[in-house]
Amino acid sequence: MRSIKILLSTCLFLLVAASCNKKLDVDTNSMANESTEWKTLDDTRSNLIGVYALFRAALATNNDYWMWGELRNGDFVSTTRADLKAVIDGDLNASYSTLDEMKSWRRFYAIINAANLFIERSSEALVDPRYTTLNHDVDVAQVRALRAWAYFMMVRIWGDVPFITNSYDGQFPAIGKSDQSIVLSFCEKELVAAADILPFEYGVLDDPLLPGLYYTYGLTRFENTLISRNAAYALLAHIAAWQGHYADVDVYAQYVLDNYSNSNMYYLTTDELTDPSGVFYARGDYNQLLGFNFVYGHGETGTSGEGHLESWTLASPLITKPKPDIYVPVETINTVFTDRMDQRFGIDTLNGLPRTAYFTNYNAEIPIFSKIKVLGDGGTDGEFAIYSSAIIFSRLEEITLLKAEADAVLNKLNGVDGAIANLNLIRNKRGESSYDKEVDGDLIDAIFAERRRELMGEGWRWYDQVRYQKITNKDPDFVKLIQEGGIYWPIASSVLSANTNIQQNPYWINK
Amino acid sequence: MVKKTYTFIMNTRNLKLLIVLIALVCQTQLFGQDSTGRSKALDLFNDSKDSASGNVDSLMNLTNQSKIINELAGSNPYRAKVDTNIINRLDYVSIQQMVKGNAAGIYVAEPNGEPGSEQYMFIHGLKGPMLSKKDLYAQQPVVFLNGVPLIQNSTMPLEIQSTDFNMVGPATNLLATLNPNDIESIEVLKDPATLAKLGPIAANGAIWVQTKSAKSGEKQISIDGHFGMTQSPKVTPVNAAYENAFRQPFYEKYATAADLINYPIYLKDSTDQEYYGTADWTDLYFKNKPFYAVNMSLSGGSERANFRFQVNNTRSVSGQDGAALDRYGLAFFINMSPLTWLTVSSMINANRLDRDRNRNIRDRLAEVRYTPDLSNPLPPSYHVYSQYIHEFDEAIDDNKVNSIQGYFSVGAKLSGFSFLSKISVDYNEALRDAFWPTELLSGNNFVSYYFGYNQRFMVSNTASYEIKLDDANKIDLEAGQSYQADINKYDYAFGYNTPNNFIKFRTTKINDAGDYVGIFDMQYFPFFGKLNQRLASFYGQVNYSYKDYLKLSGVLRRDGSSNVQQDQRWITSPIVNLSWDVLKSILHESKALSNFELRASYGTFGSLYNTDIYSKGPRYVTDASWPADPAIGSYVGIAASSRPYTSGWAGYGIGWQKSEKMNLGADLGFMENRIQVSVDLYNENNKNRLLPVPVPQELGYTAAYKSGMTVNNKGVDLSVRGQIFAAGNQDQFAWTTNFNLGLNKNKITALPDGLQSVVIGDQKLEVGQSADAFWVYKNQGIYTDIAQIPVSNQTGVRQSFNGLLLNAGDPNWADLNGDNDINENDKVLTGHYMPTVTGGFGNDFSYKGFNLSFQFYFALGQKLLNQQISNRLNFINTEGSRDLNTVKEITYWQKIFDANEYPMYNPWSNVVPYQVDQDLFLEDASFVKLRSLTIGYDLTSGKNERRKKAFRSAEVYLSATNLFTVSPFKHGDPELVDYQGYYRGYNQMLPKTYTIGLRMDL
């Protein structure tokens, strides 16, 4: 009797007291780890796309792309936002949290780290027979180009920056700044090498450079969102221009002008430039030579408005917001747009009414800058103010004007590929008359004035002023600013406190 | 009948619970057999020699799992127990409310008066800094309901949110499922001795709740109920004229012409009756609202089997903004002893919680994630506000939680051996259905649906054996094992612009290609998350007792968690305890003393991670979004993957966090235990804690998670309970007093990598400082003139703030390091948001059937940062801002402070003079509250024999809660601070309530 009881009780105990160790190995579905990553084509695809996504996020956060490029000393003024006003005024030490984030370069280094890691690790996936060497080479070329681009963006903003080409995966050495010329010459080398491998387009079955679908997707998926050979050359042109190497700019930019049709690009009409479903629309066409888009249908636009200039510039009557955060004042509009026939903005000589493709409510106290207004999925419904406009770094018109700028500096004024021809190409496309020295002044002035009009709101204004002053030395204050390093941004305290090898840019101590 | 009830509460969706149901059905049948004469087959095993007394109640005691803790809990039964007589006549709905101020060593934060909203508990202080809400969740103690550890929400949904005011879903307090009248006891477990057998799950301490148990004998019916009203608080509503008068001086003194153009439109026009009219919104927002509770329980049974059944319906309200909580509860307990050496026991506790949530704009927009134009706030007029409320008629805001806990245990007792085997299940599911019509979101509507569940399945077994060596020496051996599997899961989808306010979902059709496509252009976003967590534990215990005064016990346990990396998955932890009854061993007899026992215990516990992200070493995630839109996962529609740059690197070698606890205690009893005092000193080192340490940003990461932080907590718990006048019979005067106090101080004693200090976001952690210290600039007034601003001797440049030169109208912040620039290095760690002293005291008087009791609650020594006033003064930057932390609710229109208390800075200055992180906004948040007052009358007292026959007991009572607060903080209720010590002013006040109630046992 007793033994039965003991037996029964022991069974009861043993029934559930089984070995548990195996049970503690639980799969997670929220993340991948070292044992699962870099094994297949799917891993390289998602990590390649990851670099692009990090880049887009770096520019979209707080609309920093425009904080860096458009606002400072620019055409826009702020209505009520003190943080934007501080940037416009160049008070970059002001105590707003949005400015703190803008002064941190961490997001760029996330791109660079992801790129370094991709370059180091992606070949592991070649064990997957679907992952071809060509595919891998093109992937690595893109990532190298993206890394170079990220460095270039940083050099424009902060000047000298730490130069890192190793992922140090899991280690965190404190690396000091390198001279910007070293960084930029690396970028040039990288881009030249990458350009050799990059195709003009992705996912075309009979493409001579990269035949077949790309990661199972065809050309209509990508259009020009991935880095093409033309994009690499456009970037090379800009890197050379920033350093004043205009002879190189001439060559690089000319390459794009010779080959743009291979990437399905063409010169935009003013309508295509300002239409809600035009060039700024995420899946509008192929004319985003270099840029990042936010595909509405894939839920990439977000609902905060960040990453889209519209969240600052649009207001009633286009959307329900009564006042925009920033606007171009009437006086500035009238100074900038001088040609009455300009389709972007001009006063019709016959009826005296403004032609306002760029602006809405020109006659109001606060005109609305409505060049970019991609509401929803490329629509116009302003009640639900979600935007899907792309961040465009460069397009064909931009690179044409850069070519003109180079030729103007190099004094190659005339001829088919000369500065005047390229300037007039853009001017005439916008309804302006051809360049006339009597009316438009110096050629270099006319080219930069055209850039100011054409690229308004595209994040170029600040850098254009820097290049213009470097060429012309016209404004002594600005020249002084360049000499003192004031054209660079202060470095965020979060960056400085985490790495004692980095010092604040000296201009920003006590400003 | 019983079966029927179960099918009623069962949600058909939950197949998993069927197991429990089947077990119960089996039992019910056994039970039936039992009452009609037990099965003969069972009797075969019956052995009268082993039978204890043959009574199920005494058998239960032999095998009951509650023994696990009570045995070691010391000789003062009131040491860490909540006096149920205090709480059972009050309208408390959550465990947190019941514990608050009623037991030493626990601090309860009730940051919101909204019924059913989340509340937080801390046993013996902070275990680590509160960098985010995840840390708050990770530090909560575990609550055991009749031995079943209750599962809580995971923090997964925070990943897809840019704000953390509320988690998506109903955000209901899962501990609001018990009715005070059904509770037998609530005990706060905090020393290593009592936590020893509970293991890692209780590393943050535990709350041990026992409900009233089944009782054999005649069937007993208990009925109680209360009905009450809230009382609207007194506030001073204001209109735009007040706000205008507040702002004008700033404009007169500092504004430029351009600034005047930007004067807010709603303040511009003083003839606008909506803004400048009577501020009578309070009549709609605050309402005296009724609430109630009814409970019924039935218990009874035969000698060998008994049961208890209870039902409950409770409504709790705040009297503000229509917020309410409805609870429907049902519980069933069965114990039986089919054989004289075997007991079977089970519980089912099921609850349904429905919440009517607030109508805050901030909370709604946080969920909507789309911020429309906010430049014109809701006006203070009754008329417009009532129209606004009317818009909610079309809205849907359903928040439901279904929760069910159950266990099935089998215990056996055989000469010396006892076994207990238990299967426990805790399952709760949360549903939220939200729809905001177009009128509430400037022409857009919003729809969201949330379904999430938390499920815990636990199997535990213990076996113990008693050896009596001789009369003096006795040894108890015990071995135990448990396995716990948790699943947290949620599915969530939201979308904008359904076809119209009547069709609230995405409509689809089949296109020519045979695919389902949307008919209307509607953007919607689906999300899901699932977390699997498992914990396996083994322990062995040896208890040695010498005579009746010395007890020594040692526990050795080994625990494995799925959230820890494979090579460090298992942790071994020892716990020892010694208790010595001084009275019995030395003093033998004393006139004054009736009890004197000393206790000492020490032990380490593995401390669990509440996430699995550290379990696999370096990981790859989707890091494609930016802070304002945290849930973007693709580029050109292709999923992105990368290292977790934004959330931080977590590599290999992340092992267990540990909590090393030490406790010295003394229990004293005087005058035949009429006065019982317990004092406990504790020292707790929370070691090897994980911290996201900032790393050089040039590798792309915000931080790297590193182990090695230690946070020390030292403190004293004191509890006193005295029967000053003990009544011989109920007609005499009796007076009982209670007092409890917890003194706690935390300190960071080590940081990872030997760091001395680290700055994470707006917090600074420094070795030697407390983990909850505020890090602020020292404000010394104002520079009214540029000449007052110090000028550097070396450069001749005047003082700057973070590199920006100061001007007249800017604050005079202390330049502590003398470098003539005010920056992070000039911030000081001062004050802290966890109270140094918490506790409560109260008295209970009774005379001739009447009784009066009241209870105070206090928390002293903590500070708060007043974000609300900072926002008000910083009106230039908060006006029309899209930052949800500055949204103006209807409650904006009240007077909360006097502007003259603050210096008049230039609000347009780029140094942001009214930024919150300065000691200008640091205020003392100590308080003492009269939390409850109750007057009762026992209807069976006196000579009324008829009543005595009719009722076993009967009582009517009146009670009131939250009657008054004494505090140096004058800008609101100092309790309503968030988990990082900020007073934001968005939360509802703790309501004043008045209740009349009746309790009777038939």
Side-chain angles (χ1 to χ4, degrees), chain A residues 1 5 9 12-13 16-17 20 23-24 26 28-29 31-34 37 46-47 49-50 52-54 57 60-61 80 82 86 91 93-95 106 109-110 113-114 162 164 168 170 172 174-175 225 295 298-300 302-304 306 320-322 383-384 493 495 497-499 508-511, chain B residues 47 262 369-370 373 375 412 414 419 421 442-444 459 461 463 481 483 497 525 530 532 534 536 560 562 569 612 616-621 624-626 628-629 632 634-642 645 651 694-700 759 797 800 802-804 824 877 880 910-912:
Chain A
M1 215 59 191
K5 279 187 214 167
S9 309
L12 203 78
F13 185 77
V16 268
C20 291
K23 284 268 181 197
L24 297 182
V26 178
T28 62
N29 50 14
M31 60 185 187
N33 56 69
E34 285 301 339
E37 201 75 352
S46 55
N47 278 279
I49 289 299
Y52 281 97
L54 285 165
T61 306
T80 53
D91 282 337
N93 276 334
S95 298
R106 184 195 65 79
Y109 279 104
N113 194 275
I164 303 164
Y168 294 104
F172 302 95
I175 297 164
T225 53
V295 186
H298 293 302
E300 292 169 8
T303 49
S304 70
E306 280 191 21
T320 50
K321 189 168 151 183
E383 203 153 66
F384 187 50
S493 60
V495 171
S497 64
N499 183 348
W508 291 105
I509 300 166
N510 283 318
K511 280 291 159 191
Chain B
D47 183 340
N262 289 319
R369 295 164 172 80
Y370 169 74
D373 176 52
S375 45
L414 300 140
F419 300 95
S421 189
S442 50
N444 302 285
V459 187
N461 296 286
Q481 166 275 341
Y483 173 72
N497 292 327
F525 303 87
K530 188 176 182 186
N532 269 305
R534 286 172 192 170
S562 65
R569 180 154 287 160
D612 60 356
K616 307 270 175 178
R619 64 203 164 105
Y620 294 86
V621 300
S625 38
W626 41 97
D629 293 301
I632 285 165
S634 67
Y635 182 69
V636 275
I638 303 172
S641 160
S642 68
Y645 296 104
V695 286
Q697 312 271 289
E698 293 70 41
L699 284 311
V759 173
V797 180
S800 55
N802 282 314
L804 188 74
E824 267 185 11
N877 293 311
N910 275 338
V911 304
V912 192

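Throughout, protein chains are lettered first and strands after them, A, B, ... in sequence-line order, and every chain is numbered starting at 1. Just so you know, these numbers use all the heavy atoms, side chains as well, and skip hydrogens, waters and symmetry mates.
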Query raised in the report: Looking at Ile632(B), Asn877(B), Asn444(B), which one has more heavy-atom pairs under 4.5 Å with chain A than the rest?
Result: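 If we count pairs closer than 4.5 Å to chain A, Asn444(B) comes out on top.
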Looking at [X] and [Y], what are the two nearest heavy atoms and their distance?
X	Y	answer
Val26(A)	Ser562(B)	CG2-CB, 3.6 Å
Ser375(B)	Pro322(A)	OG-CG, 3.5 Å
Ser95(A)	Asn802(B)	OG-ND2, 4.3 Å
Pro696(B)	Ala174(A)	CG-CA, 4.0 Å
Leu699(B)	Tyr168(A)	CD1-CD1, 3.8 Å
Thr320(A)	Ser442(B)	OG1-OG, 4.4 Å

Query raised in the report: Within the side chain of Arg106(A), is there an N or O that forms a donor-acceptor pair under 3.5 Å with the backbone of Gly700(B)?
Result: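 Such a contact is found between Arg106(A) side chain and Gly700(B) backbone.
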Query raised in the report: Any sub-3.5 Å donor-acceptor pair from Glu300(A)'s side-chain atoms to Gly637(B)'s backbone N or O?
Result: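 The answer is yes, because a donor-acceptor pair under 3.5 Å joins these two groups.
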Query - Which of Pro162(A), Gly302(A), Ala53(A), Ala110(A) touches chain B most, by non-hydrogen pairs under 4.5 Å - result: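 Most pairs with chain B among the choices: Ala110(A).
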Report task. Output the option from Ala114(A), Ala60(A), Gly170(A) having the highest count of non-hydrogen pairs under 4.5 Å with chain B. Result ->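 Of the options given, most contacts go to Gly170(A).
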What distance do [X] atom [atom1] and [Y] atom [atom2] have between them, rounded to the nearest 0.5 Å?
X	Y	atom1	atom2	result
Phe525(B)	Thr303(A)	CZ	OG1	6.0 Å
Asn532(B)	Lys23(A)	CG	NZ	10.5 Å
Ser642(B)	Ile49(A)	OG	CD1	12.0 Å
Ile509(A)	Ser800(B)	CD1	OG	10.0 Å
Leu24(A)	Arg534(B)	CG	CZ	8.0 Å

Query raised in the report: Mind checking whether Tyr370(B) and Phe384(A) have parallel, tilted or perpendicular rings, split at 30° and 60°?
Result: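 Correct class here is tilted.
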So what's closer than 4.5 Å to chain A heavy atoms on [X]: side chain, backbone, both or neither?
X	result
Asn262(B)	both
Ala639(B)	backbone
Arg369(B)	both
Asn910(B)	both
Val759(B)	neither

Report task. Start with the C-alpha distance between Asn47(A) and Tyr620(B), add both sets of side-chain angles, then the distance that settles side-chain contact (heavy atoms from CB on, under 4.5 Å), and finish with yes or no. Result -> CA-CA 9 Å; Asn47(A) 278 279; Tyr620(B) 294 86; 3.9 Å; yes
Side-chain heavy-atom pair [X], [Y] within 4.5 angstrom cut-off:
X	Y	answer
Ser641(B)	Glu37(A)	yes
Phe172(A)	Glu698(B)	no
Tyr52(A)	Val636(B)	no

For [X] and [Y], does a side-chain donor sit closer than 3.5 Å to a side-chain acceptor?
X	Y	result
Ser497(A)	Glu824(B)	no
Ser304(A)	Asp629(B)	yes
Tyr645(B)	Asn113(A)	yes
Gln697(B)	Asn499(A)	no

Query raised in the report: What part of Ser493(A) lies closer than 4.5 angstrom to a heavy atom of chain B: side chain, backbone, both or neither?
Result: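 Side chain of Ser493(A) only, per the 4.5 Å heavy-atom cut-off to chain B.
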